[in-house]
Structure formats: C-alpha cells, structure tokens
2 protein chains.
Amino acid sequence: MLVEKVSLCDLWPRSREKALNSSAEERLRFAETFKTEQFHIAAGTTFMQQGMPGEHLYTVLKGWAFRYKSLDDGRRQILGYALPSDMLGLQGCLMQELHHSVEALTDLTLCGLSRHRLWELYSGFPSLAFDLTWLAARELKTLDDQLLSVGQRSALERTACLLLHLFARAEEEDLIEQGKLQLPLTQQHLADTLGMSLVHTNKTLKRIYEAKAVRWRGRSFELLDRDALRRLAADG
Amino acid sequence: MLVEKVSLCDLWPRSREKALNSSAEERLRFAETFKTEQFHIAAGTTFMQQGMPGEHLYTVLKGWAFRYKSLDDGRRQILGYALPSDMLGLQGCLMQELHHSVEALTDLTLCGLSRHRLWELYSGFPSLAFDLTWLAARELKTLDDQLLSVGQRSALERTACLLLHLFARAEEEDLIEQGKLQLPLTQQHLADTLGMSLVHTNKTLKRIYEAKAVRWRGRSFELLDRDALRRLAADG
DNA sequence: CGGGTTCTTGACTAGTTTCAAGCAAAGTGG
DNA sequence: CCACTTTGCTTGAAACTAGTCAAGAACCCG
C-alpha cells in the first residue's frame, strides 16, 4: 500500500505553489533518521483532546478530521477540517497543553512525530522546518477567512463560502471523482462550523440547492455551478 | 533609547513560558549577521494591504496594530491585535500575496526582516526559527479562541471575553500602569472584532459597565473586577 | 469656539434561534 | 426478512437576539 511507504514529510510540499527550497535530499535524510510512526484511527474517534498534553505532531496521510473547541454547556465550534497534507497538533507540541480537540470524520491514517524530536527537525532539517511553517501559515490564512465569514457574512454567504472552500481544498488533494466528492459531514457539522443553528443551516442549504449550485445527497457532494455558488457567496 | 538597541529576535522569547532551547548565543550571532531595519509608522496608517506582496516579516517593538480583512461592500472583520513581541507578515512572506491588511492603532515601532532572508534564518538560526514557529502557534491559538467566541458566544459573553483577552495580553507586555491600560480602540473596533453592530456593542458595553466589571473612559481602561468579567464571559 | 469623531439612546425591523413535529434513510436484532 | 431504533433531514410557527435607522449628547482637536 502506498500509505506504508510515505513518511511525515512526503506530503508536506505537495500544496506549495512554489518551493522556496528544494528539500528532496533533506527529505530522504529525514526518512532515514526518523522512524516516524504511523497511526490508524477509526472514524468518530476523538484522538486529541482539549486540555491534554500534545505528544505528537501529525500529518494526515488519508482521511478527514476536524478540530473543534467546546464550551461547558455543550456548544461546539468547529475550527477547521484536516485533509491529507494537513498538519495537526503543532500548537499542542509547542505549548503545555492542547487548546482544541480533534475528531476523525473518516477512518484516518496519520504519520506522527514525537514532540521531543521537533527540535531535531528544526536543527537538522531546516527546509522541512520551513515547510512546516508554510503549513502553519496556510492554517492561519484559513482561520482568517473563516473568522471573516462568521463575523461579517450573512448565513447564505457564509454557507456558500464554506462549501466553496471545502470543495477547493478537496480538489487540491485530488479527492474529486467524476465531479463528485465523498463529503463525510452532516449538517450539524456545517452548522457548528458556521456558528449557526442546525435548522437555519438546513434552510440555507435549501436555498443553495434551489439555486442549482450544488447537489448533496448522502455523502455524495457535487458542485453543479461554481459561478452560481460564488455569486451566492459574494452577494448574500 | 531602548528601541534603538533591540533587534528582531530580542523580543520573541519573552512570552515563552519555557524555552525549549536557549537561543541567547544564537541571538547574538543573529544580531551581528542581520542588519535588521527599524520602521516607524504613524497611528492610523495602513502599512500592509490585502492583495499586495508581503516584503517583510515584522516584529512589533512598541505600539498597537490590528489585522483585518475587508469585503467589497465595506464590511470589515478585525482578525486580531498586535502588541509588542507579536509578529506580523509571516503569511505574506510565505505566500505570493497578503490576505489581510494591517493598520497602526498608535505610533508604531517595528523591526523588519526582508522575506528574502527568511530562509537564511531557518538554515542558520534554528532556535530563532523555532521561536518564530512558537509565535505562529500562539497566533493560531488566539484565532481559535476568537472563532469560538464569534461563532458560539452571545454578545455579552463575547465582549467580556475580548476585554479579558486584551487586558491579559497587555499584562504580559507590562502595559498596565496603576491598574490602568491605555487602550487605543474605539467601540467601532470592538464591534468589527466581535462581528457585531456598533449600536449593539455599545449597549453590551453598557451592561458590562453596570456590572462594575470595567471602567473605560476615553483611552483609559481599568479592570475593576476580573471575576465579575469572567462570570459575564462564561454565563452570558 | 466650531467641526468632526465617538458615544449613547429609543423605536422599529430583520435575521436567526428555539421549539415541535414528521419524515427518510440506514443500521440492528429477533 | 421485517419490525424497531437511531440518526439525520425537513418544515412551520413563535420567540428573541441583534441589526438598522435616526437623532442628540459628549468629547476632542485645531
């Protein structure tokens, strides 16, 4: 299986539009030096928990996960989704404890680097450290975008933006087959991502379906008319 | 003046609870190698703009700034505030262009590193690169918190949380004098940070004043009763 | 002492949540 | 294989939070 042969860093540079430093040689050396562990996680498992110490820096090799924060009374904000090439747990590795939880949406394959070896990576493999920073910057950008949506956009704009984002991110990872994406989310996930109630999310999705911008039945998500969705995202 | 003597990295580790690697020696070497430029920016200036290329990685030495994103129709989301020791422009240095703008709230002193030398920093000064990553992780955490607030908390909870956060962050940088903080914000800034209208922000602040949790007249911000504010932040 | 910005307040409106109920699809066990 | 249960989706009505409009007061700066 492909999965058994890739290591932590193999997937990192995939999404970089332009590698500032070729790290091919370094990646080889890295693979020899670090015996990175592989983890398999069942769908539905919360494998990183708010308040626990963060022991590993993970790269997603396969599957979907989501990061979230919970309040005492049960309200939950989904902070973002992790797809292949995304990194998980950086914040937990650098601070004493994790400030968010992570749950697997599908069965998940991860590659993990122990936090104790993170410094080795920085001191011995600068171009990988650079890649890692690039991933952190991508995460920052995504959060900025999401905050803009939740803070300023109407329910319709917000929902359309999120669907556009998820589809585009899935495209980057070649997850679209015959125009269709296996989207492992429920409307409740969307609602908790958008900061809206489930009911209102449902009604907003209905409007998007009626505009014939997307079709979403079961897990099969299809982007019928990207421009239409873009218009909904922009105008409200 | 103090300002003339510090370099890019002098301020970075200040907020790190526990330095994983002492970088004192490296910092010295860095200061000799890099002639980091200093910038002085007048209050009110937007010195980084959404869509422009990001030429520098900055560290704030003195003053306040805020990052924001704008929509075409003028709506604005403030993404966060930068105080001394905060870093600005990482995302712009790594990607082709900036995805947010930054405006100075007060007169600002920055220390800038050209994007072209960022790789030098990674290859030659790993412990500084590590510090930089720590700062990025702190930024990620702050954004997570803010997204939780805007997505899930009520107006009152949200506002109280933000005031707590700003005060705590100012405390870290020793900006509190006799219990008072010079807070260079208007209610419009708060509103754009919280994703609320100006009017509603005003009415929410009134409730916080009435609970005798804070006093805020002009620029002088005083935290009268932290526990009371915490209760407002938790219960709504 | 103006003139502009910021703050404050009330009345009205709109968007969103909550509540409640029914339906559809998928999974489970006898 | 079919009742039974669970989970997720859909819809309408009522309640409420927050937004908009409008106008006046307070504050600050030149």
Side-chain angles (χ1 to χ4, degrees), chain A residues 42-44 66 71 73-78 103 105-106 149-163 182-211 214-221 232 235-236, chain B residues 42-44 66 71 73-78 103 105-107 149-163 182-210 214-221 232 235-236:
Chain A
F66 67 98
L71 294 173
D73 59 4
R75 286 174 288 179
R76 168 179 83 166
Q77 176 66 38
I78 293 184
E103 181 179 324
L105 277 166
T106 63
S149 272
V150 176
Q152 302 299 325
R153 291 198 238 251
S154 71
L156 183 56
E157 292 171 321
R158 238 186 275 188
T159 308
C161 277
L162 179 58
L163 295 180
Q182 290 302 304
L183 192 62
L185 307 178
T186 65
Q187 293 186 359
Q188 185 68 65
H189 289 118
L190 285 194
D192 289 346
T193 309
L194 298 166
M196 291 161 43
S197 71
L198 172 60
V199 173
H200 199 56
T201 303
N202 179 280
K203 288 170 182 172
T204 305
L205 278 172
K206 191 185 175 190
R207 293 173 65 189
I208 294 177
Y209 299 152
E210 282 166 358
V214 311
R215 173 155 41 223
W216 187 18
R217 306 228 62 86
R219 321 220 105 176
S220 171
F221 180 95
L232 294 175
D235 308 333
Chain B
F66 67 98
L71 295 173
D73 60 4
R75 285 175 287 178
R76 169 179 82 166
Q77 176 66 39
I78 293 184
E103 181 178 324
L105 277 166
T106 64
D107 288 344
S149 271
V150 177
Q152 302 299 326
R153 291 197 239 253
S154 71
L156 183 55
E157 293 172 321
R158 237 186 276 188
T159 309
C161 276
L162 178 58
L163 295 180
Q182 289 303 304
L183 192 62
L185 307 178
T186 65
Q187 294 186 359
Q188 185 67 64
H189 289 118
L190 285 194
D192 289 346
T193 309
L194 298 166
M196 293 162 40
S197 71
L198 172 60
V199 173
H200 199 56
T201 302
N202 179 279
K203 287 170 182 171
T204 306
L205 278 172
K206 191 185 175 189
R207 293 173 65 188
I208 294 178
Y209 298 153
E210 281 166 359
V214 311
R215 174 158 37 226
W216 187 18
R217 306 229 62 87
R219 323 221 101 177
S220 171
F221 179 95
L232 295 175
D235 309 333

### Message
Is it the case that the side chain of B/Asp107 and the backbone of B/Ala43 share a donor-acceptor pair, with hydrogens and angles ignored and the cut-off at 3.5 Å?
### Response
yes
### Message
Using a 3.5 Å distance criterion without hydrogens, assess whether the side chain of A/Gln77 forms a donor-acceptor pair with backbone atoms of A/Thr193.
### Response
yes
Please state how far atom [atom1] in [X] lies from atom [atom2] in [N], giving the value in whole angstrom units.
X: A/Arg158; N: C/dG15; atom1: CZ; atom2: C1'; result: 10 Å
X: A/Arg153; N: C/dT16; atom1: CZ; atom2: P; result: 14 Å
X: B/Lys203; N: C/dG10; atom1: NZ; atom2: P; result: 8 Å
X: A/Asp73; N: C/dT18; atom1: CG; atom2: P; result: 11 Å
X: B/His200; N: C/dG15; atom1: NE2; atom2: C1'; result: 13 Å

### Query
CG/B/Leu163 to CG/B/Leu183 distance, rounded to the nearest 0.5 angstrom?
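It comes to 8.0 Å.
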#### Entry: Atom pair CD (B/Gln188) and CG (B/Asn202), whose distance is rounded to the nearest 0.5 Å
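The CG atom of B/Asn202 is 11.0 Å from CD of B/Gln188, to the nearest 0.5 Å.
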### Task
Walking along DNA chain D from 5' to 3', note the first and the last nucleotide with an atom under 4.0 Å from a heavy atom of chain A, and give both.
D/dG8 to D/dA13
Within the 4.5 Å heavy-atom criterion, are [X] and [Y] side-chain neighbours or not?
X: A/His200; Y: A/Leu194; value: no
X: B/Met196; Y: B/Thr159; value: yes
X: A/Leu190; Y: A/Leu205; value: yes

### Task
Would you work out how much the helix from C/dC1-D/dG30 to C/dG30-D/dC1 bends between its ends, with each end axis defined by five base pairs, to 10 degrees?
50°
### Task
Tell me, please, which residues at least two apart from A/Arg76 pass salt bridge (charged side-chain N to carboxylate O under 4.0 Å, His left out).
A/Asp192
### Message
Can you list everything that forms a salt bridge (charged side-chain N to carboxylate O under 4.0 Å, His left out) with A/Arg219? Sequence neighbours excluded, please.
### Response
none
### Message
Considering every strand and a 4.0 Å limit on heavy-atom distances, what is the contact class for A/Lys206: base, sugar-phosphate, or nothing?
### Response
sugar-phosphate
### Query
Which heavy-atom pair separates B/Leu105 from B/Phe66 by the least distance, and what is that distance?
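Answer, listing the atom of B/Leu105 first, then B/Phe66: CG-CD2, 3.5 Å.
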### For B/Thr186, all residues meeting side chain to side chain donor-acceptor pair (under 3.5 Å), sequence neighbours excluded
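Once residues adjacent in sequence are excluded, the partners of B/Thr186 under the side chain to side chain donor-acceptor pair (under 3.5 Å) criterion are B/His189.
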### Query
Is any side-chain N or O of B/Asn202 closer than 4.0 Å to OP1 or OP2 of C/dT8?
yes
### Summary
Numerically ordered, the residues 186-199 of chain A set in heavy-atom contact under 4.0 Å with DNA chain D is A/Thr186, A/Gln187, A/Val199
